[in-house]
Amino acid sequence: MSLEGGSQFEALIDYLRESRGVDLAGYKRMSLIRRVAKRAQELGIDNFAAYHDYLQVHSEEFPILFDKILINVTEFFRDPQSWDYLRHQILPQILAKNGSIRLWSTGTASGEEAYSAAMMLCEALGQDEFLRRVKIYATDIDEEALNTARAGYPPKDLESLDEDLRNKYFEPQGSRFVFRSALRRVLIFGRHDLMQDAPISRLDLLICRNTLMYFTAEAQGRILARFHYALKDDGFLFLGRAEMLLTHGALFVPLDLKQRIFTKVARAQLHDGFMLQAQAGSAEASDHVARQMRVRELAAEGAPYAQLVIDALGVLVTANQVARRLFDIGRAEIGRPLKDLELSYKPMDLRTPIDLAHAERRPIASSAVEFSSPDGKPIVFDVYVAPLIDDDNSVVGTSVSYIDVTHLTHLRSELERSKEDVETAYEELQSSNEELETTNEELQSTVEELETTNEELQSSNEELETMNEELESTNTELQTINTDLRLRTDEVNKLNTFLGAITGNIELGAVVLDGDMRVQVWNERAADLWGLRPDEVVGRHFFDLDIGLPSRELRNMVRGVAGGKPAEDESTVEALSRRGKSIQVRVIAYTLSDGERTGGVVLVMEELRSENEPAGRF
């Protein structure tokens with residue numbers, strides 16, 4: 001199949017997104033085209049438009065295509081050196097926290113890496129502590145692969161696992177082996193799209209091995225920003241051997257680059273997950289943006305009035321210090337849905353003005369809202385509910401400000417001073433930024449050349465790793481086919497042995513001819529009658545054999561039976577035995593059929609003896 005026809009391919013990708021909810025826009029195009037083309041060629045389809053039509057008619061094709069695209073190549077404790085480093089150097093730091101342990105294995109395919117992590121933690125903690133402290137989330141976009149993880153594995157898939165671990169953690173269930181049911185409740189398997197779905201948060205360890213390499217650089221940046229948001233400040237990121245994060249130093253730094261273990265750059269963490277994801281779009285300016293975002297965060301903390309930020313899903317993202325103290329907001333309430341908090345209706349109902357602000361794309365003000373402070377002092381607020389609108393005009397959240405107007409003059413003075421402080425800080429930041437830009441211009445040429453070289457090397461490495469995974473997948477398929485062929489060959493050999501045993505022990509001459517009238521079977525009695533061994537006649541044309549049987553007289557009968565009309569016939573002919581003696585032979589012909597079509601003829605030959613002639617071979 002040609003790799004041209006971009007519009008046809010894009011139409012196919014759009015169809016997959018609209019019909020199955022699978023967005024492949026962030027995947028590397030050449031790798032994606034190659035995998036889809038391979039599947040189409042297996043079906044004998046030579047263009048993407050025809051394959052698009054095929055998908056619309058055959059719904060069972062979708063899981064097969066996704067398996068080809070996603071290349072589900074994995075195994076238990078893949079790259080053992082990296083797992084050993086994780087076990088001996090990283091795991092002790094995680095266990096030392098003495099709290100719950102949250103782990104996310106994303107792009108988990110059929111679950112081997114999630115189960116590997118579970119076995120590693122259970123070995124370190126013991127079963128009781130493992131069940132009490134650990135929660136493992138295992139996700140993938142491929143639902144069929146997740147079903148395999150849930151249902152268990154055939155014995156051959158566990159061959160790479162140490163025998164002691166296999167016996168300790170897996171138990172037979174029918175023809176498969178499943179993870180021990182007593183420990184299985186720690187693991188949660190679910191479908192998750194890295195490009196669309198919100199990340200799992202508060203993680204101690206995030207495992208994403210040989211998954212990022214399938215995405216474009218822009219998509220990798222967005223995914224890594226979500227990973228950054230998902231990890232705790234002291235959490236760890238475990239990547240695959242082709243993933244080095246050379247251009248994402250503002251988010252993660254390597255703890256051991258060889259083993260692909262990274263730590264989070266804590267200063268880039270923001271309460272507002274949407275702003276962090278936007279930051280990841282420009283790797284070159286990430287340090288500068290991180291500084292600006294940190295200043296904005298601290299400015300909100302220092303504001304003299306209470307302020308809340310709620311995201312587009314209705315979750316309380318942050319509350320500044322004044323708000324936390326005034327409304328008794330604990331850290332456990334940050335990250336919870338606003339509707340579940342007393343804050344949603346006290347001191348006023350926030351849900352209605354938030355919905356109105358989103359709908360009309362403008363701030364909504366509520367005046368003279370009364371409230372009693374924790375010390376019992378009455379306070380009057382002006383409440384401003386403002387939508388947070390992104391560059392694409394989408395509402396990403398809401399800011400709620402509580403302005404104390406009890407002492408209006410004092411409040412205005414404080415707000416003005418805060419504004420001047422922010423402006424002064426911004427001017428100083430701008431001045432520092434100009435100095436940095438001047439220095440950066442002198443080094444820009446060298447930096448750009450190095451970054452270009454690094455990116456090219458990274459891209460080449462990822463492409464080679466992708467092709468290697470494809471080869472592993474193909475090799476697995478070939479091994480399965482070879483196993484099936486070997487089993488069928490054994491079955492054929494057994495049948496041939498069985499047939500030989502039958503034909504060799506009957507007292508009648510038996511000959512099997514194929515559709516071309518060539519000899520396939522020639523038993524011992526036939527050899528005794530006509531003086532030719534099986535190895536002298538098998539494969540030769542029956543009517544060309546130089547034997548005492550007048551085969552040409554039988555031609556019409558044999559060919560008629562070979563055609564199935566009739567299915568059985570017989571004839572008695574004069575023949576010469578292997579000793580030259582004249583004998584009468586009855587020849588019976590049967591059609592050889594599989595029930596649908598004829599495939600040859602079976603001839604049974606019996607010497608007819610006179611009543612006075614003694615029995616026996618001649």
Side-chain angles (χ1 to χ4, degrees), residues 12-28 31-32 35-36 39 55 58-76 78 102-118 134-153 157 176 178-179 183-203 205-216 219-220 222-227 229-231 237-240 273 277 312-313 315 337 469 473:
L12 175 61
I13 296 303
D14 290 342
Y15 174 68
L16 292 176
R17 182 178 61 252
E18 294 168 1
S19 63
R20 296 288 162 157
V22 177
D23 188 357
L24 301 174
Y27 286 72
K28 291 180 179 176
S31 177
L32 194 59
R35 301 302 298 171
V36 176
R39 176 54 189 165
L55 274 173
H58 300 85
S59 60
E60 71 278 4
E61 174 65 14
F62 285 100
I64 301 174
L65 173 61
F66 292 150
D67 188 60
K68 287 291 183 183
I69 291 175
L70 301 176
I71 314 178
N72 294 320
V73 176
T74 184
E75 63 178 306
F76 294 98
R78 190 179 191 186
R102 291 167 62 85
L103 185 150
W104 182 17
S105 173
T106 184
T108 194
S110 49
E112 282 86 341
E113 286 184 345
Y115 287 125
S116 297
V134 177
K135 182 64 68 178
I136 298 175
Y137 302 89
T139 65
D140 198 275
I141 196 174
D142 187 349
E143 190 66 49
E144 291 297 321
L146 292 173
N147 287 336
T148 298
R150 297 182 183 107
Y153 307 95
D157 287 357
R176 307 177 73 85
V178 299
F179 201 67
L183 306 175
R184 174 64 174 80
R185 59 188 175 88
V186 170
L187 291 96
I188 300 174
F189 288 93
R191 186 183 183 280
H192 184 278
D193 188 338
L194 288 175
M195 292 295 294
Q196 300 184 66
D197 299 331
I200 297 168
S201 61
R202 296 180 289 115
L203 300 172
L205 176 63
L206 199 163
I207 301 175
C208 181
R209 312 199 66 225
N210 294 339
T211 298
L212 291 175
M213 66 183 184
Y214 297 112
F215 293 93
T216 63
Q220 287 181 14
R222 292 201 299 271
I223 293 171
L224 287 170
R226 297 184 180 197
F227 286 176
Y229 177 76
L231 279 169
L237 177 63
F238 185 19
L239 298 181
Q277 292 172 27
L313 300 177
V315 174
E469 300 250 351
S473 177

Taking the six-membered ring of Phe238, is NZ or CZ of Arg209 closer than 6.0 Å to its centre and within 45° of its axis?
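Relative to the ring axis of Phe238, which defines the angle, Arg209 lies inside both limits.
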Roughly how far, to the nearest 0.5 Å, is [atom2] of [Y] from [atom1] of [X]?
X      : Y      : atom1 : atom2 : result
Tyr137 : Thr108 : OH    : OG1   : 14.5 Å
Thr74  : Asn210 : OG1   : CG    : 8.5 Å
Thr106 : Leu194 : OG1   : CG    : 4.0 Å
Phe76  : Tyr153 : CZ    : OH    : 4.5 Å
Leu224 : Leu239 : CG    : CG    : 7.5 Å
Leu206 : Ile200 : CG    : CD1   : 8.5 Å

Shortest non-hydrogen contact between [X] and [Y], atoms and distance:
X      : Y      : answer
Ile136 : Ala117 : CD1-C, 4.4 Å
Pro199 : Tyr229 : CG-CD2, 4.0 Å
Ile207 : Glu113 : CG2-OE1, 3.8 Å
Asp197 : Arg191 : OD2-O, 4.5 Å
Ala149 : Ser110 : CB-O, 3.1 Å
Lys135 : Val186 : CD-O, 3.5 Å

Applying salt bridge (Lys or Arg N to Asp or Glu O under 4.0 Å), can you list everything that pairs with Arg184, at least two apart in sequence or on another chain?
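Partners of Arg184 under the salt bridge (Lys or Arg N to Asp or Glu O under 4.0 Å) test: none.
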Working for side-chain contact (heavy atoms from CB on, under 4.5 Å), residues Thr148 and Asp157
CA-CA 11 Å; Thr148 298; Asp157 287 357; 5.8 Å; no
What pairs of donor and acceptor atoms, side-chain ones from residues 59-66 against any protein atom, are under 3.5 angstrom apart with sequence neighbours left out?
residue, atom, partner, partner atom, Å
Glu61, OE1, Arg39, NH2, 2.9
Glu61, OE2, Arg39, NE, 2.7
Glu61, OE2, Tyr51, OH, 2.7

Answer yes or no: is there a donor N or O on one side and an acceptor on the other, between the side chain of [X] and the main chain of [Y], under 3.5 Å?
X      : Y      : answer
Arg102 : Arg202 : yes
Tyr214 : Ser31  : no
Ser473 : Glu469 : no
His192 : Ala198 : yes

Side chains of Val134 and Leu103: does their closest heavy-atom pair fall under 4.5 Å?
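Contact flag for Val134/Leu103 side chains = no.
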Ile223 versus Thr211: any side-chain heavy-atom pair under 4.5 Å?
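A side-chain contact is absent here, since even the closest heavy-atom pair is not under 4.5 Å.
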